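Excluded from the calculations below are hydrogen atoms, water molecules and symmetry mates; all remaining heavy atoms, backbone and side chain alike, are included. As the structure is a computational prediction, the values presented were derived from the model and not from experiment. Residue numbering restarts at 1 for every chain, and letters A, B, ... go by the order of the sequence lines.
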Amino acid sequence: MMRIFPVLAVCFLLAGVTIAQQAPPALVSIQEVAQGLPADGSRWLTFGGNYSNHRHSPLTQITPANVSRLKPLWTFQTATLGNFETTSLVRDNVLYVTGPQNVAWAIDARTGRQIWRYRRELPQGLTACCGLVNRGFGVLGDRLFMTTLDAHLIALDIKTGSVVWDATLEDYKTGHSSTIAPLVVKDKVIVGAAGGEYGIRAFIDAYDAQTGKRAWRFYTIPGPGEPGNNTWAGESWKTGGASVWVTGAYDPEQNLLMYGIGNPGPDYHSESRKGDNLYSNAIVALDADTGKLKWHYQFTPHDVHDWDATEVPILADLPINGETRKVVMFANRNGFYYTLDRTTGKIIVAKPFVITTWAKEIGADGRPVLIPGHTPDEKGEVTCPDLTGGTNFWQPSFDPSTRTFFVNAREVCMTFISWKPTYTPGERFTGGSGQRVKPSESPAWGALRAIDPATAALKWEFKFLSPSTSGILTTASGLLFSGDSDGNLLALDSRSGKLLWRYQMGAPLHGTSPTTYIIDGRQHLLVPAGTTLTAWAIE
Amino acid sequence: MPAMTWRLFSTVVVSWALIGPALHAQTRNPYEDNPDAILAGMGGYRVRCADCHGTDGRGVRGPDITTVWSTGRSDEGLFNTIRRGVPNTEMPAFAAPRASDRDIWQMLAYLKTLAAPAPTDPPRGNAENGAKLFRTLCAACHKANGTGGRLGPDLSRIGTGRSRDVLLARIRRGSEDFRAGFEPVTVTTADGATVQGVKKNEDLFSVQIMDNRERIQGYEKDKAKAVENGKKSAMPVFGPDRLSDSDLDDLLKYLQTLRGFDPTVKQQ
């Protein structure tokens with residue numbers, strides 16, 4: 001017996017060493033990430049569902065005919081202040097969710113029960129602009145990637161939520177922050193810096209997913225000697241903002257990243273930064289391996305209304321005028337809808353999708369034809385849309401089967417006022433503000449609009465009493481899920497805009513949309529609203 | 001401790017001893033109505049606050065802060081909110097030395113000019129008669145100091161929140177913009193009954209109202225025959241035929257005395 005024990009112990013130790021030395025299986029391959037939403041509904045692994053940001057599911061169990069039989073399965077509560085703006089990831093029956101205040105969870109998708117929780121200790125005096133939110137994880141292998149309000153990018157162990165590496169983007173004390181959902185492309189994690197209201201000089205960064213080392217940086221404001229630096233008068237490029245806080249798209253065929261860039265700073269004061277102010281309010285196309293700029297298109301040159309172009313770009317190949325065009329679709333905060341050629345950045349279609357009073361049209365040269373009298377000053381001027389814009393960061397959707405672009409649009413005007421600001425590191429640097437226009441003079445309302453991207457023509461609209469800030473999910477069964485500003489979760493027929501079903505969630509879906517996936521053979525609908533996540537399925 | 005540091009330290013301690021208790025006891029803004037401070041406060045407000053709260057203080061990204069006094073906040077409480085911020089929200093702390101006490105008081109002095117009655121109000125009118133007129137003409141819908149109706153806004157602090165001119169215009173000429181929670185609405189129910197009241201909330205599918213008998217109740221739109229928004233405020237217009245200029249002066253004088261209601265039960 002005495003002899004057997006050491007033998008057994010040695011065997012056990014050897015076996016243990018062998019197990020420990022075996023590399024754990026890579027949980028999430030880059031092929032899975034690149035595949036987008038599979039037909040079996042087992043995964044949702046990127047912000048927009050696929051690299052093209054369609055936010056359109058192939059699942060068909062929930063249909064216009066049975067959607068009214070949706071029943072809640074469970075509700076998860078964050079127990080934190082602030083609301084969800086996240087797109088949850090799902091794989092192997094587990095949800096990976098980021099919340100406000102940089103808290104994150106792994107949640108059992110069957111029951112809504114927490115598996116692990118991560119909470120980042122945030123520094124005192126954080127000046128994170130605008131909202132202490134987070135828009136979701138990226139994932140590769142056994143790691144989740146999350147940006148933080150104090151301007152870091154962290155990798156978490158997907159099984160435990162413990163920190164694997166922690167990379168600093170920039171110093172949060174100078175107003176830098178990050179809320180964007182990382183996009184994983186090949187072996188890199190793509191993120192951007194927020195803080196456009198604090199006089200930062202923003203950037204898009206790529207980090208090595210394994211090591212956390214920075215692979216490249218693209219400054220969204222060119223430095224001295226670089227093309228475009230002369231679009232900023234004097235030293236204004238140093239504090240020009242041009243932040244990056246909404247995940248872009250990736251075109252594998254061209255190996256191109258396409259990201260929308262935020263407003264120039266100071267937001268409203270024209271004299272402080274004469275020139276076009278590249279690449280603020282533009283979409284930039286970058287080589288995913290090097291970060292080199294391939295093309296850009298600036299929606300609003302020299303913006304003075306805080307109209308970040310941080311909306312979600314959507315990619316598709318569309319038949320237009322008898323030929324198949326590789327396009328990027330973009331409903332912009334400035335009130336215009338654009339279909340661009342994504343190989344060149346040239347305009348194919350550009351038309352207003354809400355009432356716009358600042359520009360007559362987009363000219364043949366791609367520049368807006370300005371209507372005079374819309375530069376804010378001390379006295380103020382009324383412009384439509386308002387600073388929140390014709391739409392904003394909440395996600396549109398694209399149904400490839402009907403070639404329809406869906407967006408939540410706002411019809412709101414505002415008095416813009418401007419004054420000369422002084423830059424102090426870490427303090428707000430906007431040079432103005434706005435005043436709401438009285439409802440009796442200009443009522444504020446909104447509509448969910450279905451747009452033909454080949455012509456920018458309106459197919460249908462569903463009107464709201466007040467503008468919705470909800471993202472949109474569509475499914476191959478012809479359903480559209482979104483929400484209104486009053487907390488109603490809505491299911492519409494995506495072909496007609498007819499309301500099919502609704503439920504009062506108690507808080508609006510703000511800056512996020514439902515997602516959908518299959519658990520144990522049943523299609524689930526996951527709805528982030530306020531501080532809750534609720535899973536639904538057909539009974 | 002080096003001599004210079006010690007000297008500085010003792011100066012700070014002495015200064016604190018002199019200023020600290022004074023500030024601690026401070027409940028009213030020492031710069032209120034000071035024209036120079038108000039001007040300086042406007043500069044500070046515009047740089048630090050207007051981006052979120054609007055140049056007129058009525059809210060853009062952040063909430064309307066012109067009604068803070070009329071909802072019962074004190075100068076000292078507001079000072080502390082600015083100094084400490086609101087944790088876990090976008091409202092930052094304006095800590096020293098980034099913002100001095102004087103900076104904050106000046107910004108509050110300016111903000112109060114956006115919120116408070118103009119100091120040039122004429123001193124005419126008899127508040128006692130105004131109180132009687134209020135009970136006769138207004139109290140069916142408006143509460144003041146704990147008595148009155150609920151259909152209209154509670155006016156117990158209206159004297160801190162509206163200028164005489166604004167009150168006068170509201171009484172004489174009405175208003176095209178309804179205050180949220182007081183928009184007139186009429187619901188026709190499935191059985192044909194008509195319910196009139198003011199709207200407390202609404203979404204695409206339902207409306208919640210206080211009816212003219214002060215019953216609060218929700219109605220589902222698809223189960224109602226009609227839900228119609230009124231175009232005119234439920235607040236009647238009082239022209240000179242219904243309220244003489246002299247009585248109007250008295251009523252305004254009374255309204256200006258309404259500067260807060262203490263609901264604490266006082267033991268006899």
Side-chain angles (χ1 to χ4, degrees), chain A residues 80-82 100-101 122 124-133 197 266-268 306 376 378 380 386-388 414-422 424 426-436 438-441 443 462-466 468 484-488 490 499 502-504 508, chain B residues 42-66 83-99 103 114 174-180 183 199 201-208 218 220-222 227 229 231-233:
Chain A
T80 63
L81 287 171
Q101 317 280 349
L122 292 167
Q124 292 279 325
L126 196 67
T127 53
C129 169
C130 297
L132 307 182
V133 299
E197 272 65 47
D267 303 33
Y268 311 102
D306 192 12
E378 282 270 356
D386 70 346
L387 76 86
T388 305
M414 175 166 269
T415 305
F416 289 87
I417 298 167
S418 174
W419 54 78
K420 187 171 174 55
T422 305
T424 306
E427 295 212 2
R428 290 183 82 82
F429 182 61
T430 59
S433 181
Q435 280 177 207
R436 290 177 179 145
K438 283 184 179 177
S440 57
E441 292 168 16
F462 182 85
K463 287 187 179 177
F464 298 117
L465 295 178
S466 56
S468 168
D484 69 12
S485 60
D486 297 307
N488 288 297
L490 306 169
L499 178 68
R502 61 188 164 87
Y503 181 82
Q504 174 56 246
Chain B
M42 181 177 81
Y45 176 84
R46 286 191 157 196
V47 171
R48 290 169 159 142
C49 321
D51 187 31
C52 290
H53 293 291
T55 47
D56 58 359
R58 297 191 187 279
V60 181
R61 292 170 172 150
D64 183 338
I65 48 173
T66 60
R83 172 61 87 211
R84 296 171 192 161
V86 180
N88 301 316
T89 74
E90 283 180 66
M91 174 67 189
F94 290 88
R98 190 176 162 203
D103 288 340
L114 301 179
S175 170
E176 290 178 354
D177 286 306
F178 305 124
R179 183 167 157 182
E183 303 105 318
K199 197 190 296 179
N201 206 355
E202 183 183 21
D203 69 3
L204 280 173
F205 311 108
S206 68
V207 61
Q208 290 72 36
E220 291 170 275
K221 290 181 179 177
D222 60 356
V227 178
N229 293 321
K231 291 189 171 48
K232 291 176 97 176
S233 168

For B:Asn201, side-chain contact (heavy atoms from CB on, under 4.5 Å) partners two or more places apart: B:Gln208
Set of side-chain contact (heavy atoms from CB on, under 4.5 Å) partners for A:Ser418, sequence neighbours left out: A:Tyr268, A:His269, A:Pro376
Which atoms of [X] come close to chain B, meaning under 4.5 Å heavy atom to heavy atom: side chain ones, backbone ones, both, or neither?
X        : value
A:Glu441 : neither
A:Leu490 : side chain
A:Leu499 : side chain
A:Phe462 : side chain
A:Leu465 : both

Region of B:Ala50 in contact with chain A, defined by heavy-atom distances below 4.5 Å: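 Interface part for B:Ala50: both.
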Spacing of CG belonging to A:Asn488 relative to CZ belonging to A:Arg502, to within rounding of 0.5 Å: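 One finds 6.5 Å between CG of A:Asn488 and CZ of A:Arg502.
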Top contributor to chain B contacts, counting heavy-atom pairs under 4.5 Å, from A:Gly131, A:Ser485, A:Gly431, A:Pro100: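 It is A:Gly131.
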Polar contact flag, side-chain donor to acceptor under 3.5 angstrom, A:Thr430-A:Glu197: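 No, because no side-chain N or O of A:Thr430 sits under 3.5 Å from a partner of the opposite role on A:Glu197.
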Neighbour count >12 (heavy atoms, 6.0 Å) for atom CZ, B:Phe205: yes
Any donor-acceptor N/O pair, B:Arg48 side chain to A:Glu427 backbone, under 3.5 Å: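 Side chain of B:Arg48 to backbone of A:Glu427: no pair is present.
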